[in-house]
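Since the model is a prediction, treat every value here as computed from it, not as a measurement. We're numbering straight along the sequence, starting at 1.
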Amino acid sequence: MKYKKISVSRIFIYIALIALAITIIVPVGWVFLASIKENSEFYGNPWTLPKGFYFQNFIDAFEKANMKEYFLNSIIVTVLALLLLLIVALPAAYVLARYKFMGSKLLNILFMGGLFINVNYIVVPIFLMLLDGDKILRQWFGDGLLLNNLFVVALVYASTALPFTIYLLSGFFISIPKDYEEAAFVDGSGYFNTMIKIMMPMARPSIITVILFNFLSFWNEYIISMTLLTKESKTLPVGLMQLMQAQKSAANYGRLYAGLIIVMLPTLLLYILVQKKLTQGMSLGGLKG
């Protein structure tokens with residue numbers, strides 16, 4: 001029998017990957033177990049297995065801690081932001097990648113420069129602009145519409161995600177041979193039909209990657225939603241922080257960990273289901289070009 005020799009560097013990589021997996025899996029698994037424990041079980045050994053499946057924690061988190069409303073708000077904001085982002089980013093990435101016109105280089109530079117802007121640094125200016133806009137609207141209509149508005153939050157999400165999205169999609173569009181477009185033009189297809197019926201279906205792996213990355217980003221975003229939603233309407237991350245503060249003082253830890261699961265579960269399930277498509281889209285998209 002022949003045995004393959006394993007180098008020391010490969011052994012080190014395996015050990016590092018196993019250690020990294022443990023540091024991720026153990027806390028997540030502990031939170032899942034803690035979410036189904038009764039409150040009295042937290043005062044003993046924290047590593048003991050739960051005595052049973054106490055589903056009441058999830059019911060209390062949804063109903064008494066308002067997580068149901070926060071969950072719905074997060075779905076609305078995330079879906080709206082993704083729709084707005086794709087409506088703007090797909091045509092913009094296609095045009096910037098396939099055509100040269102006056103100002104195209106400048107637009108590319110501006111979008112690429114946006115990759116280096118940390119969104120957290122511009123939240124306060126955005127808030128002040130919306131606040132001033134609300135003041136003007138109150139003078140004209142008697143009520144403001146820009147703050148505490150889920151659509152405005154979705155619009156801000158989509159705007160801040162534009163540079164990365166256009167970068168990723170442009171890398172894929174550049175890699176497509178021009179023969180497809182030339183054949184479409186010979187058949188009488190216009191620019192818009194060529195983009196919609198030929199180029200975008202070919203860019204499906206990259207589009208799926210964009211949707212997944214931005215879904216994870218929008219779903220878990222905290223700073224912008226906390227700043228722009230100052231009243232009852234909250235998204236899940238902001239609602240979770242409020243739940244943590246309330247349940248710590250009330251010593252109701254089961255409901256707290258149930259709230260954590262409600263936030264984590266959609267992203268975990270989505271990533272597990274589409275992990276292969278995610279890596280495929282990255283290799284076909286932004287890593288080329």
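At least one side-chain heavy atom of Met67 sits under 4.5 Å from a side-chain heavy atom of Leu236. With a 4.5 Å cut-off on side-chain heavy atoms, Lys234 and Ser225 do not count as touching. For the pair Phe55/Ile36, no side-chain contact is recorded, criterion being any heavy-atom separation below 4.5 Å from C-beta on. Counting heavy atoms from C-beta on, the side chains of Phe164 and Val210 never come closer than 4.5 Å. Side-chain contact between Leu147 and Val152 is absent, with no heavy-atom pair separated by less than 4.5 Å. You'll find the side chain of Tyr257 reaches within 4.5 Å of the side chain of Leu260, heavy atoms only.
Here the closest heavy-atom approach between residue Pro266 and residue Ile261 is recorded as CD-O, 4.4 Å. Closest heavy-atom contact between Met264 and Val31: CE-CG1, 3.9 Å. Smallest separation of non-hydrogen atoms from Leu82 and Phe215: CD2-N, 4.0 Å. When every heavy atom of Leu168 is checked against every heavy atom of Ser206, the shortest pair comes out as O-OG, 3.7 Å. Listed here is the closest heavy atom pair of Ala258 and Ala61: CB-CB, 4.3 Å. The minimum heavy-atom distance between Phe173 and Ala203, with the atom names listed, is CE2-CB, 3.8 Å.
Rounding to the nearest 0.5 angstrom, the gap separating the CG atom in Leu229 from the CG atom in Asn73 is 7.5 Å. Atom OG1 of Thr78 sits about 10.5 Å away from atom CG of Leu150, to the nearest 0.5 Å. To the nearest 0.5 Å, atoms CG (Leu228) and CD1 (Ile223) are separated by 11.0 Å. Distance NZ/Lys37 to OH/Tyr54: 14.5 Å, rounded to 0.5 Å. Separation of atoms CZ (Arg138) and CG (Leu146) is listed at 9.0 Å; rounding is to 0.5 Å.
A continuous path of ILVMFWY side-chain contacts below 4.5 Å connects Ile166 to Phe116, so both sit in one hydrophobic cluster. In the hydrophobic cluster analysis, where Ile, Leu, Val, Met, Phe, Trp and Tyr join through side-chain heavy atoms closer than 4.5 angstrom, Leu115 is grouped together with Val88. Each of Leu155 and Ile87 belongs to its own hydrophobic cluster when Ile, Leu, Val, Met, Phe, Trp and Tyr are linked at side-chain heavy-atom distances under 4.5 angstrom. Cluster annotation: Ile109 and Ile117 are assigned to distinct hydrophobic clusters (Ile/Leu/Val/Met/Phe/Trp/Tyr, side-chain heavy-atom contacts under 4.5 Å, transitive). Hydrophobic clustering of Ile, Leu, Val, Met, Phe, Trp and Tyr side chains at less than 4.5 Å, counting indirect connections, unites Val153 with Leu128.
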Legend entry - Worked verdict on Ser104 versus Phe101 for side chain to side chain contact (heavy atoms under 4.5 Å, CB included): CA-CA 5 Å; Ser104 61; Phe101 52 90; 3.8 Å; yes

Inset, instruction - Any chance you could lay out the side chain to side chain contact (heavy atoms under 4.5 Å, CB included) test for Leu96 and Phe111, step after step, and finish with the verdict? - result: CA-CA 10 Å; Leu96 291 173; Phe111 278 120; 3.7 Å; yes

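Residues Tyr94 and Tyr99 have side chains that bring a donor and an acceptor to within less than 3.5 angstrom of each other. Looking at Thr194 and Ser189, their side chains do bring a donor and an acceptor atom within 3.5 Å of each other. For the residue pair Asn220 / Thr267, no side-chain donor-acceptor distance below 3.5 Å is found, with atom types taken as modelled.
Within 6.0 Å of the CZ atom in Phe185, the count of heavy atoms belonging to other residues, nucleotides or ligands exceeds 12. The neighbour count for Met129 CE, taken as heavy atoms of other residues, nucleotides or ligands under 6.0 Å away, does not exceed 12. Counted within 6.0 Å of CZ on Phe53, heavy atoms from surrounding residues, nucleotides or ligands total more than 12; the atom is thus considered enclosed. Atom CZ of Phe12 sits in a sparse spot, with 12 or fewer heavy atoms from other residues, nucleotides or ligands closer than 6.0 Å.
Tyr157 and Phe218 have parallel rings, their planes meeting at less than 30° on a 0 to 90° scale where 60° marks the start of perpendicular.
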Donor-acceptor pairs under 3.5 Å, side chain of residues 118-125 to any protein atom, not counting sequence neighbours: which ones?
residue : atom : partner : partner atom : Å
Asn118  : OD1  : Asn120  : N            : 3.0

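Using a cut-off of 4.0 Å between Lys/Arg side-chain N and Asp/Glu carboxylate O, Glu181 and Arg98 are scored as salt-bridged.
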